[in-house]
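Data block below; observations after.
Numbering starts at 1 and runs along the sequence shown. Atoms considered below: every heavy atom in the structure, side chains included; atoms not considered: hydrogens, waters and symmetry mates.
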Amino acid sequence: MKKIIGLAAMLLMFGLCGVNVMAADVKDTVVALGADLTSQQRETVLNLMGLTEADLSNCTVIYITNAMEHEYLDAYLDSSVIGTKSLSSVKITKAQPGSGVIVTTQNINYCTTGMYRNALMTAGMEDTEVLVVGPTPISGTAGLIGALKAYEVMSSASVSDTALDTALDELITTGELADSIQGDISSEDVEALIAWLKNKIAAGELDTGDADSVAKVIEEGEANFGITLTEKEKQQIIDLLKKLDSLGLNADYLIDQAQKLYDKYGIGFVENANDAINEAVGNAVTGAAKNFFWNIKNAVSDFFKKLFS
């Protein structure tokens with residue numbers, strides 16, 4: 001876990017949301033600012049967000065505390081790594097229905113946009129633009145909590161501690177695996193493997209209570225994505241999959257993942273989930289809309305079958 005050492009510096013600057021709302025009404029944009037930002041750091045963060053102090057009057061503003069950072073991250077990281085100051089910042093904005101979760105980052109050098117997006121979707125975020133910012137280059141692990149706490153304020157929909165913990169586990173596990181797996185493996189490869197495994201759960205094709213079933217699916221995933229896992233890494237994934245399974249990922253989640261996360265690897269890697277995709281599309285849309293989704297699915301499937309043949 002080579003990069004975890006670097007989390008010490010990151011987490012001295014990156015904290016979690018303790019809700020302290022400046023605006024009386026929740027606006028379409030929620031900004032989470034670190035409670036320990038200096039005036040200069042605050043100016044830097046706002047500039048990276050494309051905001052001024054005056055703009056904050058049109059946003060709902062919450063502040064980030066180090067206490068919540070420890071509350072959620074102590075289970076995964078040593079408290080000395082987490083540190084004592086909270087300087088992280090997140091801006092979230094309502095997106096058009098059907099847009100999904102769109103993530104960009106500034107001064108984040110460990111967590112990728114794909115890692116954030118996958119984990120935020122696991123926790124239930126929908127149709128939101130997310131910008132995670134550090135006042136200086138930082139890792140970004142704690143930004144997930146800042147984003148979710150801001151989302152709770154914006155949507156008035158509570159994110160359960162179980163969902164939040166599972167999303168954090170996913171984010172940190174993905175980062176650790178990307179860093180520790182041997183060979184020419186990118187963070188995107190690991191993100192895709194985890195997303196593929198989540199699709200297996202959503203499609204009802206993975207029984208996390210059956211050790212043989214889990215081992216077989218993980219072995220299949222290794223082959224699909226060209227990844228070789230150690231026994232320790234496999235156990236990390238198994239522990240995560242059990243948490244994910246308990247959340248009850250549904251077929252709607254699977255459709256989003258299949259359309260938006262597999263453009264690099266091909267729909268062929270999720271062909272076994274076609275029945276679940278078909279059922280979800282059939283339940284979700286009718287008439288012309290259904291034909292539209294069918295055409296998308298078939299076109300993507302045909303393209304990637306040819307690409308990987």
On a heavy-atom basis, which atom in [X] and which in [Y] lie closest, and how many Å separate them?
X: Ala119; Y: Ala167; value: O-CB, 3.3 Å
X: Ala32; Y: Gly146; value: CB-O, 4.3 Å
X: Gly140; Y: Cys111; value: C-SG, 3.6 Å
X: Ala163; Y: Val159; value: CB-CG1, 4.2 Å
X: Leu197; Y: Leu241; value: CB-CD2, 3.7 Å
X: Pro135; Y: Leu37; value: CG-CD2, 4.2 Å

task = Spell out, as yes or no, whether a donor-acceptor pair under 3.5 Å connects the side chain of Thr173 to the backbone of Glu170.
result = no
inquiry  = Has Ser155 got a side-chain atom pairing as donor or acceptor with Ala157's backbone, closer than 3.5 angstrom?
reply    =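 It does hold such a pair.
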Is there a side-chain contact between [X] and [Y], using heavy atoms and a 4.5 Å cut-off?
X: Arg117; Y: Met125; value: no
X: Val30; Y: Lys91; value: no
X: Glu126; Y: Met121; value: no
X: Ile102; Y: Asp127; value: no
X: Leu131; Y: Thr105; value: no
X: Ile194; Y: Asn118; value: no

ask   = Thinking salt bridges, do Glu219 and Lys216 make one under a 4.0 Å N-O criterion?
value = no
For the residue pair [X] and [Y], confirm or rule out a side-chain donor-acceptor distance under 3.5 Å.
X: Asn47; Y: Thr44; value: no
X: Thr174; Y: Glu191; value: no
X: Ser180; Y: Glu233; value: yes
X: Gln41; Y: Thr38; value: yes
X: Lys94; Y: Tyr151; value: no
X: Tyr110; Y: Asp179; value: no

request  = Return the set of residues passing salt bridge (charged side-chain N to carboxylate O under 4.0 Å, His left out) with Asp165 (not counting sequence neighbours), or none when no residue passes.
outcome  = Lys243
key: Pairs involving residues 48-57, ordered by first then second residue, that meet salt bridge (charged side-chain N to carboxylate O under 4.0 Å, His left out) (sequence neighbours left out)   = Arg42-Glu53
message = Taking side chain to side chain contact (heavy atoms under 4.5 Å, CB included) as the criterion, tell me which of Val130, Leu164, Ile92 meets it with Leu148.
response = Leu164
request  = Can you spot which of Ile64, Leu56, Val90 makes a side chain to side chain contact (heavy atoms under 4.5 Å, CB included) with Leu33?
outcome  =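 Of the listed residues Ile64, Leu56, Val90, the side chain to side chain contact (heavy atoms under 4.5 Å, CB included) partner of Leu33 is Leu56.
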Roughly how far apart are [X] [atom1] and [Y] [atom2], rounded to 0.5 Å?
X: Asp245; Y: Ile201; atom1: CG; atom2: CD1; result: 5.0 Å
X: Asn58; Y: Thr52; atom1: CG; atom2: OG1; result: 9.0 Å
X: Thr230; Y: Ile181; atom1: OG1; atom2: CD1; result: 8.0 Å
X: Leu244; Y: Thr208; atom1: CG; atom2: OG1; result: 9.5 Å
X: Tyr76; Y: Ile172; atom1: OH; atom2: CD1; result: 6.5 Å
X: Glu69; Y: Ser86; atom1: CD; atom2: OG; result: 5.0 Å

inquiry  = Please enumerate all residues that pass side chain to side chain donor-acceptor pair (under 3.5 Å) together with Asp74, with sequence neighbours excluded.
reply    = His70
request  = For Thr128, check side chain to side chain donor-acceptor pair (under 3.5 Å) against everything at least two apart and list the hits.
outcome  = none
task = Could you walk me through whether Asn107 and Val133 pass the side chain to side chain contact (heavy atoms under 4.5 Å, CB included) test, one step at a time?
result = CA-CA 6 Å; Asn107 274 342; Val133 173; 5.6 Å; no
ask   = Got more than 12 heavy atoms from elsewhere within 6.0 Å of CD, Glu129?
value = yes
query = In chain order, what residues pass the side-chain contact (heavy atoms from CB on, under 4.5 Å) check against Ala35, with sequence neighbours excluded?
reply =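 If we apply the side-chain contact (heavy atoms from CB on, under 4.5 Å) test to Ala35, skipping adjacent residues, there are no hits.
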task = Not counting sequence neighbours, which residues clear side-chain contact (heavy atoms from CB on, under 4.5 Å) with Ser213? List them please.
result = Leu206, Asp207, Asp210
From CA spacing to verdict: side chain to side chain contact (heavy atoms under 4.5 Å, CB included), Thr104, Tyr116 = CA-CA 9 Å; Thr104 53; Tyr116 280 125; over 6 Å; no
request  = Please lay out, stage by stage, how Thr122 and Lys198 fare under the test side chain to side chain contact (heavy atoms under 4.5 Å, CB included).
outcome  = CA-CA 9 Å; Thr122 291; Lys198 287 159 69 175; 2.7 Å; yes
ask   = Where do Ser186 and Asp189 land on the side-chain hydrogen bond (donor to acceptor under 3.5 Å, both in side chains) test, with the steps shown first?
value = CA-CA 5 Å; Ser186 68; Asp189 294 323; 3.1 Å; yes
request  = For side chain to side chain contact (heavy atoms under 4.5 Å, CB included), just list the numbers for Val31 and Met49, CA-CA rounded to whole Å, side-chain angles, deciding distance to a tenth of an Å, and then say yes or no.
outcome  = CA-CA 9 Å; Val31 177; Met49 290 181 175; 3.9 Å; yes
